[in-house]
Amino acid sequence: MSSKYDHRSIEEKWQKYWEENHFFKVSEDTDKPKYYDLEMFPYPSGNLHMGHVRNYAIGDVVARFKSMNGYNVLHPMGWDAFGLPAENAAIKNATHPAVWTNANIENMKQQLKTMGISYDWDRELATCKPDYYKFTQWMFVKLYENGLAYKKKSAVNWCPSCQTVLANEQVVDGACERCEAEVEKKQLEQWFFKITDYAQRLLDDLEKLPGWPEKVKTMQRNWIGRSEGCQFSMPIEGLDESMTVFTTRPDTVFGVTYMVLAPEHPLVEKISAGRPEESAVSKFVQGMKNITELARTATDAEKEGVFTGAYAVNPMNGERIPIWIANYVLMDYGTGAIMAVPAHDQRDFDFACKYDIPIRVVIKSEDSPADAKDMTEAYTGDGIMVNSEAFNGLEVQEGISSVIKYMEDNNIGSGTINFRLRDWLISRQRYWGAPIPVVYCEKCGIVCLTEDQLPVLLPEDVEFRPSGESPLNYVESFTRATCPDCGGEARRETDTMDTFVCSSWYFDRYCSPNEVDVPFSKEAVDYWMPVDQYIGGVEHAILHLMYARFFTKFLYDINMLSCEEPFTNLLTQGMVLKDSSKMSKSKGNVVSPEEIIRTYGADTARLFILFASPPERDLEWSDQGVEGAYRFLNRIWRLVREYARSIQDIKVPDTFENLNNDARDLRFKTHATIKKVTEDVGDRFNFNTAISAIMELSNTLTAYKDKEQPDLAVVKEALQTLLVLLSPFTPHICEELWHLCQNEGSVCQQKWPEYDPQALIQDEIEIVVQVMGKVRDHLRVPAEITEEELKNRALQLEKIKELTSGKQINKIIVVPRKLVNIVAK
RNA sequence: GCGGAUGUGGCGGAAUUGGCAGACGCACCAGACUUAGGAUCUGGCGCUGCGAGGCGUGGGGGUUCGAGUCCCUUCAUCCGCACCA
């Protein structure tokens with residue numbers, strides 16, 4: 001072996017060794033507690049980036065640590081392999097999406113392997129493989145059978161330049177992510193999953209996730225957007241129609257002075273038909289269509305509207321209320337219609353002022369003028385109901401429930417809960433996705449396939465032309481189908497599923513990735529699920545994590561799973577930055593993991609990334625920091641090699657006796673480090689401080705080299721401990737040095753060390769001496785000193801005598817084993 | 001506008017329960033070794049002051065013997081949501 005730290009040969013050697021000896025292969029084992037450690041699987045874009053490296057380095061420390069602590073660890077990896085980039089590449093380079101994707105997977109897998117992560121590669125999966133997407137389709141079928149998949153016409157994002165429908169996540173600030181053209185809304189028949197049926201459970205069960213960051217839970221709560229209120233109908237004068245509104249403030253219903261419909265509301269045309277206002281109304285509606293969604297919903301957009309000429313009747317008091325249409329009422333929230341109470345809603349107030357609509361105060365409070373004329377803004381706070389007939393005198397809260405009760409008793413309306421969450425649009429007019437397993441039969445209509453008819457295979461021979469429709473439309477062999485019900489001619493659905501569907505259950509599949517008849521075995525998921533630790537970017541806080549939760553609850557409901565939440569603990573890692581901004585090709589600040597690993601090795605890359613910042617926080621890339629990590633590994637290399645021969649035959653005893661002070665100090669440091677690293681990694685995921693503790697131990701060991709008559713047993717214990725503690729972070733170098741010291745077995749299969757409490761007992765400790773809370777001196781005292789004795793020793797210190805002379809000592813505060821504070825005036 | 005997070009040396013960061021602010025690392029400075037050093041080792045390194053000392057965790061105020069940590073207030077930056085009825 002060469003004397004230089006040759007990271008390349010060392011890393012290759014041990015990666016091969018681990019693989020050949022199936023080190024990380026796991027199966028269910030009831031003798032051990034299980035631990036399911038999962039990192040979000042990547043999209044196979046072709047190359048690993050630093051964000052991946054960070055994600056998987058964090059996950060690997062957890063996996064290796066848990067494994068050394070006696071857990072049976074499941075740590076799998078796979079590919080979120082369907083999606084638009086493959087199709088774009090196909091159009092651009094004339095390669096088939098499957099070819100492109102498979103090549104990327106191969107390449108990224110090789111890159112991942114050079115990181116030395118402890119994956120059980122036998123469980124690898126790719127969502128684009130028929131043996132996987134068969135079961136993505138199975139999920140669709142089950143949802144359909146349970147009434148949770150349905151088709152409806154809906155407004156979707158349409159890019160006029162790419163001639164295609166875009167996913168919500170591809171619309172950035174109202175424009176197409178690829179070509180920056182402004183996105184339009186288009187009405188299309190689409191498939192949806194009824195996630196709204198689970199809204200309340202998705203909200204409530206956030207309480208059951210103490211291991212999730214508060215931030216993510218808050219984001220999900222906002223996204224679900226539950227609001228309590230009531231829904232009621234107002235008859236429209238002269239028509240056999242009524243308009244339904246949703247409000248959270250039924251207590252202000254006597255303050256309604258106008259009504260508003262969203263411009264897209266189906267009643268608009270009907271109620272303005274034949275009136276003098278008709279042309280103004282249709283002009284306004286037309287104008288709204290030409291304004292982008294973005295401009296329309298901007299907060300600072302001026303409120304605009306027109307009177308429709310129609311009137312509604314307030315069912316509470318029979319009053320005639322004019323009906324307007326206005327830009328500030330949105331069709332896709334609530335009922336698309338509101339009752340407007342300008343006195344107690346700021347938006348209505350602004351609108352009423354602009355169009356000279358009366359304002360009527362119905363909530364009285366000392367904080368607000370009693371006369372509408374004196375109001376400069378709406379009053380939305382608490383108070384007493386006034387001008388509200390029988391309800392006068394009630395507080396807001398009582399008023400809300402009383403009005404709801406009255407409405408329910410009189411068949412006017414009822415209390416309702418409204419969610420902001422919408423159903424999940426899963427149709428995509430794309431080729432590279434899992435086909436929706438449905439056919440359209442002339443006789444039977446929409447027919448969903450049954451599970452024995454799966455998979456619906458993606459045809460391979462497809463021409464990609466950006467036509468605005470799924471390329472599958474032009475594959476006759478695909479579209480021509482027979483109806484499973486009547487055997488007659490049928491046409492196959494050509495839309496594919498959103499890739500988020502594929503990633504909503506992959507963690508279940510890992511538990512038994514080779515099942516052919518079922519998506520996963522019940523025994524396997526009952527053993528492994530839920531995921532104990534899930535790690536990934538915060539950008540998935542809402543979509544992926546919400547969809548995965550929805551799927552898990554659904555699978556629980558149909559008895560496929562025994563858990564209702566998929567991820568017990570969630571760690572959202574920060575971004576990797578360079579020059580304070582996200583690495584990106586356009587900014588030219590990308591650091592290639594491949595290059596870093598080639599130059600410094602995977603151990604250095606991992607060590608730097610884990611040391612530079614705690615995992616949740618953003619990490620600033622530093623080439624000099626990488627150098628520093630590399631230097632540290634070189635120091636460890638030299639340190640261990642220097643001692644390797646001399647400690648070879650030394651036996652580390654179970655108990656140490658009669659150690660001199662230096663040896664005791666070293667042993668103290670060894671065991672203090674075990675304690676610190678165990679707590680930092682196990683309890684808090686503070687890898688940066690764990691590493692710094694190991695560095696301290698290394699520094700102490702280096703300093704110990706100068707001691708006369710070194711105690712080699714203590715040195716050996718320290719060195720071995722250091723290698724074991726460091727191995728989850730930098731496994732290759734630790735494995736190499738472990739064997740160099742002629743140790744048995746593999747370092748990553750060692751039992752995680754426990755600290756010896758005896759070694760942490762100190763005879764003498766240092767006490768801080770303060771006067772008036774300021775540190776003035778230090779004192780070395782026996783650890784078991786009494787408080788009295790400690791006070792006396794402190795008062796006798798020269799410095800303290802000087803500082804307290806001529807002063808009255810009022811109080812002496814003693815914090816055992818820490819400090820003495822003398823309060824003197 | 002609402003919600004959340006974060007502010008500590010030249011830089012990344014540490015301080016876990018209210019108890020020595022700046023661990024560990026980077027950069028920098030000095031020295032050793034050396035034909036050489038962008039290798040390695042040793043020492044120094046918050047600001048200020050010759051010194052004793054004083055000041056110091058975005059700003060201001062408070063609680064406490066004692067505050068980076070608790071309370072009030074204010075500013076800045078970042079993230080999420082955004083006319084949600």
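Predicted, not measured: the structure shown is a model, and the values here were computed from it. Chain letters run A, B, ... following the sequence lines, proteins first, then strands; residues in each count from 1.
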>> Please pick, from B/C83, B/U16, B/C41, the nucleotide with the shortest atom-to-atom distance to any side-chain atom of A/Arg638.
In response: B/C41
>> So A/Glu766, base contact, sugar-phosphate only, or nothing? Heavy-atom distance under 4.0 Å.
In response: base
>> Check this for me: does the side-chain of A/Asn821 come within 3.5 Å of the base of B/C65 through a donor and an acceptor?
In response: yes
> If we take the P atom in both B/A32 and B/U77, what is their distance in whole Å?
Replying inline: 49 Å
> Under the 3.5 Å rule, do the base of B/U17 and the side chain of A/Lys818 count as making a donor-acceptor pair?
Replying inline: no
> Do A/Lys215 side-chain and B/C79 base share a donor-acceptor contact under 3.5 Å?
Replying inline: no
>> Given B/G13, B/G3, B/C83, identify the nucleotide with an atom nearest to the side chain of A/Thr218.
In response: B/G3
> Given the side-chain rings of A/Phe685 and A/Phe687, with only the six-membered ring counted for Trp, is the space between their centroids under 6.0 Å?
Replying inline: yes
> Do the side-chain N or O atoms of A/Ser622 get closer than 4.0 angstrom to the phosphate oxygens (OP1, OP2) of B/C11?
Replying inline: no
> Picking from B/U16, B/A82, B/C55, which would you name as closest to the side chain of A/Lys774?
Replying inline: B/C55
Are any protein N/O atoms closer than 3.5 Å to N/O atoms in nucleotides 22-25 of chain B? If there are, list each pair with its distance.
| residue | atom | partner | partner atom | Å |
| --- | --- | --- | --- | --- |
| B/A23 | O2' | A/Glu696 | OE2 | 3.0 |
| B/G25 | OP1 | A/Asn699 | ND2 | 3.2 |

> C1' atom, B/G19 versus B/A67: distance in rounded Å?
Replying inline: 10 Å
>> Side chain of A/Lys811, heavy atoms from C-beta onward: which of B/C65, B/G19, B/A14 has the nearest atom to it?
In response: B/C65
>> B/G3, OP1 or OP2 - any side-chain N/O from A/Arg221 closer than 4.0 Å?
In response: no
> Ignoring hydrogens and angles, are the base of B/G19 and the side chain of A/Gln770 linked by a donor-acceptor pair under 3.5 Å?
Replying inline: yes
> Within less than 4.0 Å of OP1 or OP2 of B/A14, is there a side-chain N or O belonging to A/Arg684?
Replying inline: no
> Of A/Ala612 and A/Glu679, whose nearest nucleotide on RNA chain B comes first from the 5' end?
Replying inline: A/Ala612
> What is the nucleic acid contact for A/Val329, judged by heavy atoms within less than 4.0 Å: base, sugar-phosphate only, or nothing?
Replying inline: base
> Taking for each residue the nucleotide of RNA chain B bearing the nearest heavy atom, is the 5' side occupied by A/Lys676 or by A/Val775?
Replying inline: A/Lys676
> Between B/G80, B/U42, B/C83, which one does the side chain of A/Met219 approach most closely?
Replying inline: B/G80
